[in-house]
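Take a look at the structure set out below.
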Amino acid sequence: MSVNLGYACINSTLQEQSKIMCSRGMIRRTWLAKGIPYASELALSNVRGLREVVKWNNANDISVYRITSCLFPWMSEYDMTRLPDYAEIAATLADVGHIARTAGQRLSFHPGQFCVLASPNESTVVKSLRELDQTAQIMDMLGMPKSPAAKINIHVGGAYGERENALARFCKAFKRLTHSAQSRLTVENDDKPNLYSTKMLYNGVYKQIGIPIVFDSHHFGIGPQDLDYHDSFYLARSTWAPGIKQQCHHSNSRRDYEDSTANKVAHSTWFYTPFESYNEPTDVVLECKGKELALFKYLNDFTLKDAA
DNA sequence: CCAGGTCAAGGGAGT
DNA sequence: ACTCCCTTGACCTGG
């Protein structure tokens, strides 16, 4: 099979059947009240949950999985090595990494909307650098390769109507990251016309600093329109070094298929169209509300039919 | 025990 | 300059 499918963050089966989670966090008020000891407790609980999810993925032949960015609550506020449970957390993560690598399961991260390397605001950049460095530190604890095989994927952001300047700021800020973070960073095309297309990322990021582009099929449809799907896919594909499998995202619009009142950028629960990869070997993270159950349904609806 | 309001962070769009 | 919105999913309170 040329396409390996994966899913993101929550395993609904484990969560519902066994209350296994890896994204327990706390709101600010609780953080101020309970602080580091509670953060440590939650982080340990989260990485133990992650171990169960990774084992489950192996047992279910799923070889692509995005880890939640909420593993360590309030991570930016402390040095992870100072958590009271650090030794056990680190040992658990090492075990998780071993389990994943042994089975050839590819793990990734996708920090969210607040991580903006291209921001004109220096304090936002500093916070973003820290988040990426710490995320890379978790990859290191997992024993994952320092390459986009273990990708940490983000959006460029910070456009303010001046994409050229923002792209330049992004590349400049990139150089301030640790090697561990630089080696794994990837950028993704956006879902708004005023943000970045695959082509803009190719010229403004890949040609400058050489990091790969994650092609998102759904964002392609609603972002800037400057290339067709085929050319966007192959342009993104050309940024992945030999030996490191291209990774893409696929989702369907909730508005188009499930709820006409939903925002067009919202994801559907299930899939109505398969990812078009032109039969190229690719890893695809499915983004949908149905999580791993939608992955199984996708396989049933599309892949098996194709094989028949 | 559950429903529903709330929630660190950035940025865009509309006024 | 201001407000509200984006997505997501878990927190947490009050009933």
Side-chain angles (χ1 to χ4, degrees), chain A residues 7-16 19-36 38-39 41-43 45-46 49-50 53 66-78 109-135 153-163 165-167 169-170 173 187-196 216 218-219 222-224 249-256 258-259 261-269 285-294:
Chain A
Y7 65 103
C9 306
I10 294 170
N11 181 301
S12 58
T13 303
L14 289 175
Q15 185 159 319
E16 276 160 37
K19 298 222 183 332
I20 289 169
M21 295 175 65
C22 32
S23 55
R24 296 196 56 209
M26 55 185 147
I27 63 172
R28 181 176 154 85
R29 189 167 70 240
T30 308
W31 160 245
L32 293 175
K34 300 189 173 178
I36 299 265
Y38 189 51
E41 197 182 305
L42 290 177
S45 157
N46 285 340
L50 178 64
V53 172
R66 178 195 302 165
I67 303 172
T68 175
S69 294
C70 306
L71 266 193
F72 289 78
W74 294 90
M75 172 172 79
S76 61
E77 301 291 319
Y78 51 82
F109 282 99
H110 192 358
Q113 63 184 330
F114 302 114
C115 186
V116 187
L117 283 187
S119 176
N121 178 341
E122 171 65 10
S123 81
T124 300
V125 176
V126 168
K127 281 184 266 185
S128 302
L129 291 167
R130 176 160 173 80
E131 176 169 5
L132 292 170
D133 287 343
Q134 290 189 295
T135 302
N153 178 58
I154 58 172
H155 290 268
V156 169
Y160 293 101
E162 296 187 315
R163 282 181 286 220
N165 293 339
L167 288 163
R169 283 195 298 270
F170 182 93
V187 285
E188 175 181 348
N189 60 309
D190 282 287
D191 60 7
K192 293 191 184 73
N194 291 328
L195 297 180
Y196 311 88
D216 184 306
H218 178 40
H219 296 174
I222 52 187
H249 293 171
H250 183 55
S251 49
N252 283 160
S253 167
R254 182 165 181 75
R255 177 190 286 184
D256 291 349
E258 292 173 349
D259 175 2
T261 67
N263 188 298
K264 66 184 170 187
V265 304
H267 298 154
S268 58
T269 303
V285 178
L286 298 177
E287 298 178 317
C288 57
K289 293 179 187 294
K291 301 298 175 185
E292 82 288 356
L293 300 178

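We name chains A, B, ... by the order of the sequence lines, and we start the count at 1 in each one.
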Could you state the atom-to-atom distance from CZ of R130(A) to C1' of dG10(B) in whole Å?
19 Å

List in chain and number order the residues that pass side-chain contact (heavy atoms from CB on, under 4.5 Å) with I27(A), two or more places apart in sequence or in another chain; answer none if no residue qualifies.
R29(A), T30(A)

Pairs under 3.5 angstrom, nitrogen or oxygen only, protein versus nucleotides 13-15 of chain B, please.
unit_1	atom_1	unit_2	atom_2	d
dA13(B)	OP1	N194(A)	ND2	3.1
dA13(B)	OP2	N194(A)	ND2	3.4

Over all heavy atoms of both residues, which pair between P224(A) and R163(A) is shortest? Give the atoms and the distance, please.
CG-NH1, 4.0 Å

Select base, sugar-phosphate, or nothing to describe what G25(A) touches, counting heavy atoms under 4.0 Å on all strands.
sugar-phosphate

Excluding sequence neighbours, so at least two apart, what forms side chain to side chain donor-acceptor pair (under 3.5 Å) with D191(A)?
none

Salt bridge (Lys or Arg N to Asp or Glu O under 4.0 Å) against E258(A), all qualifying residues, sequence neighbours excluded:
R254(A)

Using the side-chain contact (heavy atoms from CB on, under 4.5 Å) criterion, which residues pair with C288(A)? Sequence neighbours excluded.
F271(A), A294(A)

Looking only at heavy atoms, which two atoms of S251(A) and E287(A) are closest? And how far apart?
CB-O, 3.0 Å

Can you check the distance between dT13(C) and dA8(B), where both ends of the measurement are the P atom (answer in whole Å)?
12 Å

Measure from CG on L286(A) to C1' on dT8(C) and round the result to the nearest Å.
17 Å

To check you understand the geometry: which heavy-atom pair defines the closest contact between C22(A) and L50(A), and what is its length?
CB-N, 3.8 Å

Residues two or more places apart in sequence or in another chain: which of them pass side-chain contact (heavy atoms from CB on, under 4.5 Å) with S123(A)?
N121(A), K127(A)

Which nucleotide in dG12(B), dT8(C), dA10(C) has an atom nearest any side-chain atom of A266(A)
dT8(C)

Are the side chain of R66(A) and the backbone of C9(A) linked by a donor-acceptor contact shorter than 3.5 Å?
no

Restricting to nitrogen or oxygen on both sides, can you table the protein-nucleotides 1-4 of chain C pairs closer than 3.5 Å?
none

Once you round it to whole Å, what is the distance between P of dA10(C) and NZ of K19(A)?
12 Å

Can F114(A) be said to stack with the base of dG10(B), given centres closer than 5.5 angstrom and planes under 30 degrees apart?
no

Determine: side-chain N/O of H267(A) to OP1/OP2 of dT7(C), distance under 4.0 Å, yes or no.
no

OP1 or OP2 of dG10(B) sitting under 4.0 Å from any side-chain N/O of S119(A)?
no

Atom CZ of R255(A) to atom C1' of dC6(C): distance rounded to whole Å?
13 Å

Separation of dC11(C) atom P from N46(A) atom CG, nearest Å, is 9 Å

Rounded distance (Å) that lies between atom C1' of dT8(C) and atom CD1 of I67(A):
18 Å

Nearest to the side chain of N263(A), heavy atoms from C-beta on, is which of dC6(C), dG11(B), dG12(B)?
dC6(C)

Taking only side-chain nitrogens and oxygens of N121(A), does any of them come within less than 4.0 Å of OP1 or OP2 of dG10(B)?
no

Does any non-hydrogen side-chain atom of N165(A) lie less than 4.5 Å from one of Y160(A)?
no

By the 4.0 Å heavy-atom rule, please label E287(A) as base, sugar-phosphate, or nothing.
nothing

For atom CD of Q113(A) and atom P of dG12(B), their distance in whole Å
11 Å

dC7(B) and dT3(C), which share atom name P, separated by this distance in whole Å:
16 Å

Taking dG11(B), dT7(C), dA10(C) as options, the one with an atom nearest any side-chain atom of V265(A) is dT7(C)

Taking every heavy atom of E131(A) against every heavy atom of C115(A), the minimum-distance pair comes out as OE1-CB, 3.8 Å

Which heavy atom in Y78(A) sits nearest to a heavy atom in P73(A), and how many Å separate them?
OH-O, 2.6 Å

If a pair means Watson-Crick or G-U wobble with both distances below 3.5 Å, what does DNA chain B look like in dot-bracket form, with | marking bases paired to a different strand?
|||||||..||||||

What string of B, S and - do you get for nucleotides 1-8 of chain B, 5' to 3', if B is base contact, S is sugar-phosphate-only contact and - is no contact with any protein heavy atom under 4.0 Å?
-------B

If you measure from the P atom in dG11(B) to the same atom in dG9(C), how many Å do you get, rounded?
23 Å

P-based separation of dT6(B) from dC4(C) [nearest Å]
13 Å

Who are the side chain to side chain donor-acceptor pair (under 3.5 Å) partners of S76(A), not counting sequence neighbours?
none

With sequence neighbours left out, the residues meeting side-chain contact (heavy atoms from CB on, under 4.5 Å) with L129(A) are L117(A), V125(A), R176(A), L177(A)

Checking all strands, does K291(A) fall into the base, sugar-phosphate, or nothing category for heavy-atom contacts under 4.0 angstrom?
sugar-phosphate

Kindly give the heavy-atom pair with the smallest separation between M26(A) and G35(A), and that separation in Å.
CE-O, 4.1 Å

In whole angstrom, what separates D216(A)'s CG from dT7(C)'s C1'?
13 Å

How would you list, by chain and number, every residue that makes a side chain to side chain donor-acceptor pair (under 3.5 Å) with D190(A), sequence neighbours excluded?
H155(A)

